[in-house]
J.: 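One structure, pasted below without further comment.
We name chains A, B, ... by the order of the sequence lines, and we start the count at 1 in each one.
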2 protein chains.
Amino acid sequence: MLDTFDHKILEIIQKNNLTPQRDIGERIGLSAAAVQRRIKRMRELGIIEKDITIVNREKIGNNVTLLVEIFLDSEKIEQIDTLKREFEKIPEVQQCYYVTGESDFFLVVVVPSMAYYEQLTRKVFFSNENIKRFRTVVVMGITKNSLEIPFSLFVS
Amino acid sequence: MLDTFDHKILEIIQKNNLTPQRDIGERIGLSAAAVQRRIKRMRELGIIEKDITIVNREKIGNNVTLLVEIFLDSEKIEQIDTLKREFEKIPEVQQCYYVTGESDFFLVVVVPSMAYYEQLTRKVFFSNENIKRFRTVVVMGITKNSLEIPFSLFVS
DNA sequence: TGTTGATTTGCAATTTTGTTTCATCGAAAG
DNA sequence: CTTTCGATGAAACAAAATTGCAAATCAACA
(Lines give C-alpha, C1' and ligand atoms only; values in the text may rest on other atoms or scores of the structure.)
Protein backbone atom coordinates (compact mmCIF):
# COMPACT_ATOMS: atom_id res chain seq x y z
CA MET A 1 0.00 0.00 0.00
CA LEU A 2 2.79 2.41 0.89
CA ASP A 3 6.35 2.16 -0.37
CA THR A 4 9.51 3.76 0.90
CA PHE A 5 8.91 6.92 -1.11
CA ASP A 6 5.54 7.39 0.53
CA HIS A 7 7.04 6.88 3.96
CA LYS A 8 9.70 9.44 3.26
CA ILE A 9 7.15 11.92 2.02
CA LEU A 10 5.00 11.42 5.11
CA GLU A 11 8.00 11.80 7.34
CA ILE A 12 8.69 15.19 5.84
CA ILE A 13 5.18 16.62 5.69
CA GLN A 14 4.32 15.35 9.16
CA LYS A 15 6.89 17.83 10.37
CA ASN A 16 6.14 20.61 7.89
CA ASN A 17 3.46 20.37 5.28
CA LEU A 18 4.46 23.71 3.80
CA THR A 19 7.61 22.14 2.38
CA PRO A 20 7.53 22.72 -1.39
CA GLN A 21 7.02 19.54 -3.36
CA ARG A 22 10.12 20.44 -5.31
CA ASP A 23 12.20 20.27 -2.14
CA ILE A 24 10.59 17.01 -1.09
CA GLY A 25 11.31 15.57 -4.51
CA GLU A 26 14.91 16.65 -4.34
CA ARG A 27 15.40 15.14 -0.92
CA ILE A 28 13.94 11.75 -1.75
CA GLY A 29 14.90 11.53 -5.41
CA LEU A 30 11.65 12.09 -7.27
CA SER A 31 10.20 14.83 -9.41
CA ALA A 32 7.83 17.35 -7.86
CA ALA A 33 5.02 15.98 -10.00
CA ALA A 34 5.54 12.48 -8.67
CA VAL A 35 5.51 13.76 -5.13
CA GLN A 36 2.32 15.64 -5.82
CA ARG A 37 0.60 12.55 -7.22
CA ARG A 38 1.63 10.42 -4.28
CA ILE A 39 0.35 12.98 -1.82
CA LYS A 40 -2.91 13.22 -3.72
CA ARG A 41 -3.28 9.45 -3.67
CA MET A 42 -2.63 9.25 0.07
CA ARG A 43 -5.25 11.90 0.64
CA GLU A 44 -7.78 9.95 -1.35
CA LEU A 45 -6.97 6.77 0.54
CA GLY A 46 -7.46 8.58 3.83
CA ILE A 47 -3.92 7.86 4.91
CA ILE A 48 -3.43 11.59 5.04
CA GLU A 49 -6.24 12.66 7.32
CA LYS A 50 -5.87 16.41 7.29
CA ASP A 51 -3.45 19.29 7.10
CA ILE A 52 -3.45 21.72 9.96
CA THR A 53 -1.78 24.60 11.73
CA ILE A 54 -0.63 24.04 15.30
CA VAL A 55 -1.16 26.95 17.66
CA ASN A 56 1.07 27.44 20.69
CA ARG A 57 -1.22 27.32 23.70
CA GLU A 58 1.15 29.05 26.07
CA LYS A 59 1.60 31.99 23.74
CA ILE A 60 -2.09 32.75 23.52
CA GLY A 61 -2.76 32.32 27.24
CA ASN A 62 -6.14 32.10 28.92
CA ASN A 63 -6.47 28.39 28.52
CA VAL A 64 -6.10 25.28 30.58
CA THR A 65 -5.39 21.79 29.36
CA LEU A 66 -6.75 18.84 31.30
CA LEU A 67 -6.49 15.09 31.03
CA VAL A 68 -9.64 13.24 32.00
CA GLU A 69 -9.74 9.54 32.76
CA ILE A 70 -13.22 8.11 32.56
CA PHE A 71 -14.62 5.01 34.26
CA LEU A 72 -17.87 3.60 32.98
CA ASP A 73 -20.56 1.78 34.85
CA SER A 74 -21.32 -0.83 32.28
CA GLU A 75 -19.22 -1.55 29.26
CA LYS A 76 -21.88 -2.34 26.74
CA ILE A 77 -20.88 -1.73 23.17
CA GLU A 78 -23.84 0.47 22.35
CA GLN A 79 -23.20 2.71 25.30
CA ILE A 80 -19.54 2.99 24.46
CA ASP A 81 -20.33 3.92 20.89
CA THR A 82 -22.83 6.50 22.03
CA LEU A 83 -20.24 8.05 24.32
CA LYS A 84 -17.62 8.08 21.58
CA ARG A 85 -19.94 10.03 19.35
CA GLU A 86 -20.82 12.41 22.16
CA PHE A 87 -17.21 13.18 23.05
CA GLU A 88 -16.38 13.68 19.41
CA LYS A 89 -18.91 16.45 19.13
CA ILE A 90 -17.64 18.45 22.09
CA PRO A 91 -15.27 21.14 20.81
CA GLU A 92 -13.42 21.33 24.12
CA VAL A 93 -12.42 17.69 23.69
CA GLN A 94 -9.30 17.76 21.60
CA GLN A 95 -8.45 14.09 21.73
CA CYS A 96 -10.42 11.03 22.74
CA TYR A 97 -8.76 7.69 23.41
CA TYR A 98 -10.78 4.54 23.98
CA VAL A 99 -8.64 2.36 26.24
CA THR A 100 -8.31 -0.96 28.03
CA GLY A 101 -7.70 -1.50 31.73
CA GLU A 102 -9.62 -0.19 34.68
CA SER A 103 -10.70 2.93 32.86
CA ASP A 104 -12.48 3.23 29.54
CA PHE A 105 -11.65 6.62 28.05
CA PHE A 106 -8.94 9.21 28.21
CA LEU A 107 -9.72 12.72 27.03
CA VAL A 108 -7.53 15.72 26.38
CA VAL A 109 -9.62 18.79 27.10
CA VAL A 110 -8.83 22.44 26.42
CA VAL A 111 -10.89 25.16 28.10
CA PRO A 112 -10.56 28.87 28.83
CA SER A 113 -10.52 28.45 32.61
CA MET A 114 -11.05 26.08 35.51
CA ALA A 115 -14.42 27.68 36.19
CA TYR A 116 -15.38 26.87 32.64
CA TYR A 117 -14.20 23.31 33.12
CA GLU A 118 -16.28 22.96 36.24
CA GLN A 119 -19.36 23.83 34.22
CA LEU A 120 -18.32 21.43 31.51
CA THR A 121 -17.98 18.52 33.95
CA ARG A 122 -21.50 19.13 35.17
CA LYS A 123 -22.92 19.21 31.70
CA VAL A 124 -20.95 16.34 30.27
CA PHE A 125 -19.74 13.99 33.00
CA PHE A 126 -21.93 14.31 36.08
CA SER A 127 -25.10 14.34 34.08
CA ASN A 128 -24.20 11.15 32.25
CA GLU A 129 -25.75 8.05 33.77
CA ASN A 130 -23.18 5.73 32.30
CA ILE A 131 -20.12 7.46 33.74
CA LYS A 132 -19.34 5.94 37.13
CA ARG A 133 -16.54 8.34 37.97
CA PHE A 134 -13.80 10.40 36.35
CA ARG A 135 -10.41 11.67 37.33
CA THR A 136 -9.07 15.03 36.20
CA VAL A 137 -5.37 15.74 35.88
CA VAL A 138 -4.32 19.35 35.40
CA VAL A 139 -1.60 19.96 32.84
CA MET A 140 1.06 22.38 33.99
CA GLY A 141 3.19 22.27 30.90
CA ILE A 142 3.29 20.69 27.50
CA THR A 143 6.79 19.67 26.58
CA LYS A 144 6.06 17.90 23.36
CA ASN A 145 3.00 18.38 21.24
CA SER A 146 2.61 16.52 17.99
CA LEU A 147 0.66 13.81 16.24
CA GLU A 148 3.64 12.47 14.41
CA ILE A 149 4.11 8.82 13.59
CA PRO A 150 7.79 7.86 13.62
CA PHE A 151 7.94 5.96 10.35
CA SER A 152 11.69 5.71 10.41
CA LEU A 153 11.37 3.25 13.30
CA PHE A 154 8.88 1.05 11.51
CA VAL A 155 11.23 -1.34 9.79
CA SER A 156 9.62 -0.60 6.39
CA MET B 1 -2.03 40.79 20.78
CA LEU B 2 -4.65 38.97 18.72
CA ASP B 3 -7.86 40.48 17.46
CA THR B 4 -11.01 38.84 16.19
CA PHE B 5 -9.65 38.56 12.67
CA ASP B 6 -6.65 36.62 13.92
CA HIS B 7 -8.88 34.30 15.91
CA LYS B 8 -11.01 33.65 12.87
CA ILE B 9 -7.97 32.94 10.75
CA LEU B 10 -6.61 30.53 13.34
CA GLU B 11 -9.96 28.82 13.62
CA ILE B 12 -9.90 28.12 9.90
CA ILE B 13 -6.29 27.03 9.47
CA GLN B 14 -6.35 24.90 12.59
CA LYS B 15 -8.83 22.76 10.71
CA ASN B 16 -7.25 23.05 7.26
CA ASN B 17 -4.11 25.00 6.61
CA LEU B 18 -4.37 24.34 2.89
CA THR B 19 -7.28 26.74 2.66
CA PRO B 20 -6.30 29.43 0.14
CA GLN B 21 -5.78 32.84 1.70
CA ARG B 22 -8.27 34.23 -0.78
CA ASP B 23 -10.97 31.98 0.62
CA ILE B 24 -10.04 32.85 4.18
CA GLY B 25 -10.22 36.51 3.30
CA GLU B 26 -13.61 36.13 1.73
CA ARG B 27 -14.99 34.27 4.72
CA ILE B 28 -13.82 36.76 7.31
CA GLY B 29 -14.04 39.95 5.28
CA LEU B 30 -10.43 40.80 4.54
CA SER B 31 -8.24 40.82 1.46
CA ALA B 32 -5.94 37.89 0.78
CA ALA B 33 -2.97 40.18 1.33
CA ALA B 34 -4.17 41.12 4.79
CA VAL B 35 -4.69 37.49 5.69
CA GLN B 36 -1.20 36.67 4.47
CA ARG B 37 0.37 39.41 6.57
CA ARG B 38 -1.51 38.34 9.67
CA ILE B 39 -0.45 34.74 9.26
CA LYS B 40 3.12 35.82 8.72
CA ARG B 41 3.02 37.91 11.86
CA MET B 42 1.59 35.07 13.95
CA ARG B 43 4.32 32.80 12.68
CA GLU B 44 6.98 35.29 13.71
CA LEU B 45 5.43 35.67 17.14
CA GLY B 46 5.42 31.91 17.61
CA ILE B 47 1.68 31.84 18.02
CA ILE B 48 1.61 29.60 14.99
CA GLU B 49 3.98 26.86 16.00
CA LYS B 50 4.02 24.70 12.90
CA ASP B 51 2.06 23.41 9.96
CA ILE B 52 1.73 19.68 9.61
CA THR B 53 0.04 16.75 7.95
CA ILE B 54 -1.91 14.34 10.14
CA VAL B 55 -1.61 10.68 9.23
CA ASN B 56 -4.38 8.23 10.04
CA ARG B 57 -2.83 5.63 12.31
CA GLU B 58 -5.46 3.00 11.73
CA LYS B 59 -5.07 3.19 7.98
CA ILE B 60 -1.36 2.48 8.03
CA GLY B 61 -1.59 -0.32 10.59
CA ASN B 62 1.30 -1.92 12.43
CA ASN B 63 1.32 0.53 15.26
CA VAL B 64 0.18 0.75 18.82
CA THR B 65 -0.63 3.86 20.78
CA LEU B 66 -0.07 3.87 24.51
CA LEU B 67 -0.69 6.31 27.32
CA VAL B 68 1.95 6.28 30.02
CA GLU B 69 1.50 7.82 33.43
CA ILE B 70 4.75 8.43 35.23
CA PHE B 71 5.39 8.71 38.96
CA LEU B 72 8.66 10.20 40.09
CA ASP B 73 10.66 9.48 43.19
CA SER B 74 11.67 13.00 43.97
CA GLU B 75 10.19 16.08 42.45
CA LYS B 76 13.22 18.27 42.23
CA ILE B 77 13.10 20.88 39.55
CA GLU B 78 16.39 19.92 37.98
CA GLN B 79 15.39 16.30 37.65
CA ILE B 80 12.05 17.21 36.19
CA ASP B 81 13.69 19.46 33.64
CA THR B 82 16.14 16.75 32.73
CA LEU B 83 13.33 14.29 32.21
CA LYS B 84 11.38 16.76 30.10
CA ARG B 85 14.33 17.14 27.80
CA GLU B 86 14.85 13.40 27.64
CA PHE B 87 11.24 12.63 26.73
CA GLU B 88 11.28 15.34 24.12
CA LYS B 89 14.11 13.67 22.31
CA ILE B 90 12.44 10.26 22.07
CA PRO B 91 10.72 9.98 18.69
CA GLU B 92 8.24 7.41 19.98
CA VAL B 93 6.96 10.00 22.44
CA GLN B 94 4.39 11.99 20.56
CA GLN B 95 3.13 14.14 23.38
CA CYS B 96 4.47 14.91 26.83
CA TYR B 97 2.35 16.52 29.52
CA TYR B 98 3.83 17.68 32.79
CA VAL B 99 1.03 17.37 35.33
CA THR B 100 -0.05 17.94 38.93
CA GLY B 101 -1.50 15.35 41.27
CA GLU B 102 -0.12 11.98 42.27
CA SER B 103 1.66 11.49 39.00
CA ASP B 104 4.13 13.79 37.31
CA PHE B 105 4.03 13.09 33.58
CA PHE B 106 1.66 11.76 31.00
CA LEU B 107 3.06 10.56 27.71
CA VAL B 108 1.41 9.56 24.47
CA VAL B 109 3.62 6.96 22.85
CA VAL B 110 3.42 5.45 19.36
CA VAL B 111 5.35 2.27 18.57
CA PRO B 112 5.28 -0.46 15.92
CA SER B 113 4.36 -3.24 18.36
CA MET B 114 3.99 -4.24 21.99
CA ALA B 115 7.28 -6.10 21.82
CA TYR B 116 8.90 -2.89 20.70
CA TYR B 117 7.25 -1.05 23.56
CA GLU B 118 8.56 -3.59 26.04
CA GLN B 119 12.08 -2.82 24.88
CA LEU B 120 11.41 0.88 25.07
CA THR B 121 10.21 0.67 28.68
CA ARG B 122 13.44 -1.07 29.65
CA LYS B 123 15.58 1.50 27.95
CA VAL B 124 13.65 4.56 29.04
CA PHE B 125 11.63 3.90 32.17
CA PHE B 126 13.11 0.98 34.11
CA SER B 127 16.63 2.21 33.65
CA ASN B 128 15.78 5.65 34.99
CA GLU B 129 16.61 6.07 38.66
CA ASN B 130 14.20 8.91 39.14
CA ILE B 131 11.11 7.09 37.91
CA LYS B 132 9.44 5.36 40.83
CA ARG B 133 6.80 3.59 38.77
CA PHE B 134 4.74 3.99 35.65
CA ARG B 135 1.38 2.84 34.41
CA THR B 136 0.69 1.92 30.81
CA VAL B 137 -2.74 2.18 29.25
CA VAL B 138 -3.26 0.56 25.86
CA VAL B 139 -5.26 2.56 23.36
CA MET B 140 -7.82 0.51 21.48
CA GLY B 141 -9.23 3.29 19.38
CA ILE B 142 -8.75 6.98 18.73
CA THR B 143 -12.07 8.68 18.30
CA LYS B 144 -10.86 12.22 18.06
CA ASN B 145 -7.40 13.31 17.15
CA SER B 146 -6.53 16.96 16.93
CA LEU B 147 -4.55 19.73 18.54
CA GLU B 148 -7.18 22.33 17.96
CA ILE B 149 -7.87 25.15 20.34
CA PRO B 150 -11.56 26.10 20.33
CA PHE B 151 -11.22 29.85 20.00
CA SER B 152 -14.91 30.36 19.42
CA LEU B 153 -15.51 29.44 23.07
CA PHE B 154 -12.97 31.89 24.39
CA VAL B 155 -15.21 34.90 24.84
CA SER B 156 -12.85 37.07 22.73
C1' DT C 1 12.93 -14.78 -23.47
C1' DG C 2 9.78 -11.62 -25.46
C1' DT C 3 5.38 -9.22 -25.50
C1' DT C 4 1.58 -6.91 -23.53
C1' DG C 5 -0.81 -3.91 -20.44
C1' DA C 6 -0.98 -1.32 -16.44
C1' DT C 7 1.44 1.93 -13.63
C1' DT C 8 4.62 5.46 -12.65
C1' DT C 9 7.69 8.73 -14.03
C1' DG C 10 9.78 13.39 -15.77
C1' DC C 11 9.25 17.47 -18.39
C1' DA C 12 6.88 21.37 -19.79
C1' DA C 13 2.71 24.04 -20.05
C1' DT C 14 -0.91 25.84 -17.30
C1' DT C 15 -3.29 27.27 -13.32
C1' DT C 16 -3.59 28.45 -8.74
C1' DT C 17 -1.73 30.35 -4.70
C1' DG C 18 1.37 33.17 -2.06
C1' DT C 19 4.06 37.50 -1.68
C1' DT C 20 5.39 42.22 -2.43
C1' DT C 21 4.65 46.93 -3.82
C1' DC C 22 2.41 51.07 -3.45
C1' DA C 23 -1.08 54.43 -2.77
C1' DT C 24 -4.81 55.23 0.48
C1' DC C 25 -7.43 55.24 4.73
C1' DG C 26 -8.21 55.96 9.67
C1' DA C 27 -7.23 56.43 14.41
C1' DA C 28 -4.27 58.42 17.98
C1' DA C 29 -1.05 62.08 19.34
C1' DG C 30 0.60 66.51 19.18
C1' DC D 1 -6.31 70.67 12.31
C1' DT D 2 -2.00 68.26 10.99
C1' DT D 3 1.26 64.61 11.50
C1' DT D 4 2.44 59.98 12.16
C1' DC D 5 1.94 55.20 12.45
C1' DG D 6 -0.14 51.02 11.30
C1' DA D 7 -3.23 48.43 8.57
C1' DT D 8 -5.68 47.91 4.33
C1' DG D 9 -6.95 46.67 -0.79
C1' DA D 10 -5.70 46.37 -5.62
C1' DA D 11 -2.52 45.07 -8.77
C1' DA D 12 1.78 43.28 -10.16
C1' DC D 13 4.85 39.66 -9.41
C1' DA D 14 6.93 35.27 -7.82
C1' DA D 15 6.47 30.77 -6.44
C1' DA D 16 4.12 26.73 -5.97
C1' DA D 17 0.79 23.20 -7.29
C1' DT D 18 -1.52 20.71 -10.98
C1' DT D 19 -2.23 18.64 -15.50
C1' DG D 20 -1.25 16.64 -20.20
C1' DC D 21 1.62 13.82 -22.61
C1' DA D 22 5.27 10.83 -24.08
C1' DA D 23 8.73 7.81 -22.30
C1' DA D 24 10.29 4.54 -18.96
C1' DT D 25 9.45 0.76 -15.65
C1' DC D 26 7.65 -3.40 -14.09
C1' DA D 27 4.98 -7.55 -13.54
C1' DA D 28 2.19 -11.16 -15.58
C1' DC D 29 2.02 -14.35 -18.96
C1' DA D 30 2.62 -16.55 -23.39
J.: Taking atom CD as the centre, does Glu118(B) end up with more than 12 heavy-atom neighbours from other residues, nucleotides or ligands that are less than 6.0 angstrom away?
T.: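 Atom CD in Glu118(B) is crowded, with more than 12 foreign heavy atoms closer than 6.0 Å.
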J.: Between Asp81(A) (side chain) and Glu78(A) (backbone), is there a donor-acceptor pair under 3.5 Å?
T.: no
J.: Decide if atom CG of Asn62(A) counts as having more than 12 heavy atoms of other residues, nucleotides or ligands within a radius under 6.0 Å.
T.: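 Count not over threshold, so no.
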J.: Dump every N/O contact between nucleotides 11-15 of chain C and the protein below 3.5 Å, one line per pair.
T.:
none

J.: Donor-acceptor pair, distance only, cut-off 3.5 Å: does the side chain of Gln14(B) make one with the backbone of Ile149(B)?
T.: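 Checked: pair present.
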J.: Measure CD1/Ile39(B) against P/dT20(C) and give the value in whole Å, please.
T.: 13 Å
J.: From CG of Asn16(B) over to C1' of dT17(C), roughly how many Å is that when rounded to an integer?
T.: 14 Å
J.: Reading DNA chain D from 5' onward, which residue's closest nucleotide shows up sooner: Lys40(A) or Ala34(B)?
T.: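 Comparing both residues, the 5'-ward one is Ala34(B).
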J.: How close or far is atom P of dG18(C) from atom CD of Glu26(B), stated in whole angstroms?
T.: 13 Å
J.: Side chain of Arg22(A), base of dA16(D): donor and acceptor closer than 3.5 Å?
T.: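 Such a pair exists between side chain and base.
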J.: Atom CG of Asp23(B) to atom P of dG18(C): distance rounded to whole Å?
T.: 9 Å
J.: What's Arg41(B) touching, base or sugar-phosphate or nothing? Going by heavy atoms closer than 4.0 Å.
T.: nothing
J.: Return the orientation label for the Phe87(B) and Phe105(B) ring planes: parallel under 30°, perpendicular over 60°, tilted otherwise.
T.: perpendicular
J.: Select one nucleotide: of dA17(D), dT19(C), dG10(C), the one nearest the side-chain heavy atoms of Gln21(B).
T.: dT19(C)
J.: Taking 4.0 Å as the cut-off, does a side-chain nitrogen or oxygen of Gln36(B) come that near to OP1 or OP2 on dT19(C)?
T.: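 Yes, because at least one side-chain N or O of Gln36(B) sits under 4.0 Å from OP1 or OP2 of dT19(C).
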J.: From the options dA7(D), dT8(C), dG18(C), select the nucleotide whose nearest atom is closest to the side chain of Arg38(A).
T.: dT8(C)
J.: Specify whether Phe151(B) and His7(B) have parallel, tilted or perpendicular ring planes, treating 30° as the upper limit for parallel and 60° as the lower limit for perpendicular.
T.: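 Because their plane-to-plane angle is under 30°, the rings of Phe151(B) and His7(B) count as parallel.
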